Amino acid sequence: MKKLITGIAVAMATALIGSAAFAIEYDGDVQVNLGIRITSLSSDESDETDGSASFPTFGIENYNLFKLNDIFSAGFMESINFGTPIFIDDDTSIKFLVGPAASAKLGSIVKFQAGAGLAIAKVKAQGEKQEGDSSPFHADYYDEYSFTGIGFGLDLQAKFLPQSKISPLVGFRYTYITSGKYDVKATAHDETVAEASVDETINANFINVYLGASYNF
């Protein structure tokens, strides 16, 4: 009798868990976005900071969320973002972000989504212009930095009319990337006048503001 009662209890628990899992509703989307990005670079060995602005940036994102109730959803997200610095034509910076995510929906008006996690990036950024009178090249020049690094990122966005199949959205993304070495070259009059590989820690901070569209499942 005891075994029978135990068996019935296990069967009921399994059925309840299975029903709850089956009832979970997918609340995901696929997004495309365009924006502007500001990059700042710094070295652990130096107090100097170089900055550059990039436009445009293009990104593809995917929020894989599951409804917890009518307001909140949770799951994970991933994004890939491309950005071409204004004065660098021969390469493109690429950032990849993946991590846990959550959302809160305010009726049919707006849905706030957020994700954070691991970031990997191939970075190419241009420093501030150096004046020719004080430079060893006797001409105005720019330092161009390139490296591949790892770090973390945070993505925040507001999606409007979330119950529609296609929704407009606005977002903000912050990414921090660090690397133990980097390549640098000096360019004057569109020609490389010096280049070197440096075994030194370099840090990059990216701030990205974007507008986009979401296809909702």
Side-chain angles (χ1 to χ4, degrees), residues 17 20-41 52-85 91-125 147-179 203-217:
I17 293 172
F22 182 79
I24 293 177
E25 185 178 349
Y26 184 66
D27 190 29
D29 62 31
V30 174
Q31 308 172 9
V32 293
N33 60 68
L34 289 172
I36 186 168
R37 186 186 71 200
I38 298 174
T39 304
S40 64
L41 302 176
S52 68
S54 301
F55 182 86
T57 60
F58 171 74
I60 301 174
E61 295 196 37
N62 172 218
Y63 271 79
N64 292 284
L65 303 177
F66 300 89
K67 286 187 176 181
L68 302 177
N69 51 45
D70 290 339
I71 298 176
F72 298 105
S73 297
F76 65 95
M77 59 82 67
E78 63 277 331
S79 73
I80 185 168
N81 187 262
F82 305 87
T84 302
D91 208 347
T92 298
S93 297
I94 302 173
K95 302 198 307 296
F96 180 73
L97 173 66
V98 61
S103 71
K105 184 169 64 174
L106 302 181
S108 59
I109 300 174
V110 64
K111 181 179 182 181
F112 297 103
Q113 299 189 148
L118 175 69
I120 301 172
K122 180 180 182 293
V123 180
K124 190 160 190 179
F147 59 93
T148 299
I150 191 170
F152 62 88
L154 171 67
D155 186 68
L156 304 172
Q157 58 181 227
K159 182 165 64 174
F160 303 97
L161 306 176
Q163 293 181 339
S164 302
K165 268 298 181 183
I166 298 178
S167 303
L169 61 88
V170 59
F172 169 86
R173 184 184 302 109
Y174 169 77
T175 311
Y176 169 81
I177 297 294
T178 186
S179 175
N203 307 303
N205 293 278
F206 300 94
I207 295 176
N208 185 203
V209 180
Y210 60 86
L211 299 173
S214 167
Y215 179 82
N216 305 313
F217 295 102

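Any value given below was found using the heavy atoms of this structure, including those in side chains, with hydrogens, waters and symmetry copies removed. Owing to the predicted nature of the structure, the values given are computational and were not obtained by experimental measurement.
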* Verdict with supporting geometry, Phe172 and Val170, side-chain contact (heavy atoms from CB on, under 4.5 Å) -> CA-CA 7 Å; Phe172 169 86; Val170 59; over 6 Å; no
* salt bridge (charged side-chain N to carboxylate O under 4.0 Å, His left out) between Asp29 and Lys165, intermediate numbers included -> CA-CA 9 Å; Asp29 62 31; Lys165 268 298 181 183; over 6 Å; no
* **Evaluation steps, ring-ring contact (aromatic ring centres under 6.0 Å, His included), between Tyr26 and Phe66** => CA-CA 5 Å; Tyr26 184 66; Phe66 300 89; 5.4 Å; yes
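Asn208 places none of its side-chain heavy atoms less than 4.5 Å from the side chain of Tyr174. Counting heavy atoms from C-beta outward, Tyr176 and Thr178 have side chains that approach closer than 4.5 Å. No side-chain heavy atom of Asp27 sits less than 4.5 Å from a side-chain heavy atom of Phe217. Using a 4.5 Å heavy-atom threshold, the side chains of Glu61 and Asn33 count as touching. Contact of the Leu169 side chain with the Tyr210 side chain is registered, since non-hydrogen atoms from C-beta on lie closer than 4.5 Å. Under the 4.5 Å side-chain criterion, counting only non-hydrogen atoms from C-beta, Leu68 is not in contact with Glu25. Put simply, the side chain of Phe147 reaches to within 4.5 Å of the side chain of Leu41, judged on heavy atoms. For the pair Ile94 and Ile80, the minimum side-chain heavy-atom distance is below 4.5 Å.
To the nearest 0.5 angstrom, Ser214 atom OG is 7.5 Å from Gln157 atom CD. Note that the CD1 atom of Ile207 and the OG atom of Ser40 stand 7.0 Å from one another [nearest 0.5 Å]. Taking CD1 of Ile150 as the reference point, atom CD1 of Ile177 lies at 7.5 Å (rounded to 0.5 Å). Distance NZ/Lys111 to OG/Ser103: 4.0 Å, rounded to 0.5 Å. Going from atom NZ of Lys159 over to atom CZ of Phe112 covers 12.5 Å, rounded to the nearest 0.5 Å. Separating the OG atom in Ser73 from the CG atom in Asn64 is a distance of 11.5 Å, to the nearest 0.5 Å.
Pairing each heavy atom of Met77 with each of Ala101, the nearest pair is CG-CB, 3.7 Å. Across all their heavy atoms, Ala119 and Thr175 have their closest contact at CB-CG2, 3.7 Å. Considering every non-hydrogen atom in both Pro162 and Ser167, the closest pair reads CA-OG, 3.7 Å. Here the shortest heavy-atom pairing between Leu156 and Ala114 reads CD2-CB, 3.6 Å. Taking every heavy atom of both residues into account, Leu97 and Gly117 meet most closely at CD1-O, 3.6 Å. Listed here is the closest heavy atom pair of Gly59 and Asn81: CA-ND2, 3.9 Å.
A cation-pi arrangement, defined by a distance under 6.0 Å to the six-membered ring centre and an angle within 45 degrees of its axis, is absent between Lys105 and Phe72.
Enclosure of atom CG in Asp70 is not indicated, since only 12 or fewer non-hydrogen atoms of other residues, nucleotides or ligands lie within 6.0 angstrom. Taking a 6.0 Å sphere around CD1 of Ile109, one finds it holds 12 or fewer heavy atoms contributed by other residues, nucleotides or ligands.
Using a 4.0 Å cut-off between a side-chain N of Lys or Arg and a carboxylate O of Asp or Glu, Asp155 and Arg173 qualify as a salt bridge.
Listed for the Thr39 side chain is no donor-acceptor partner under 3.5 Å among the backbone atoms of Phe206.
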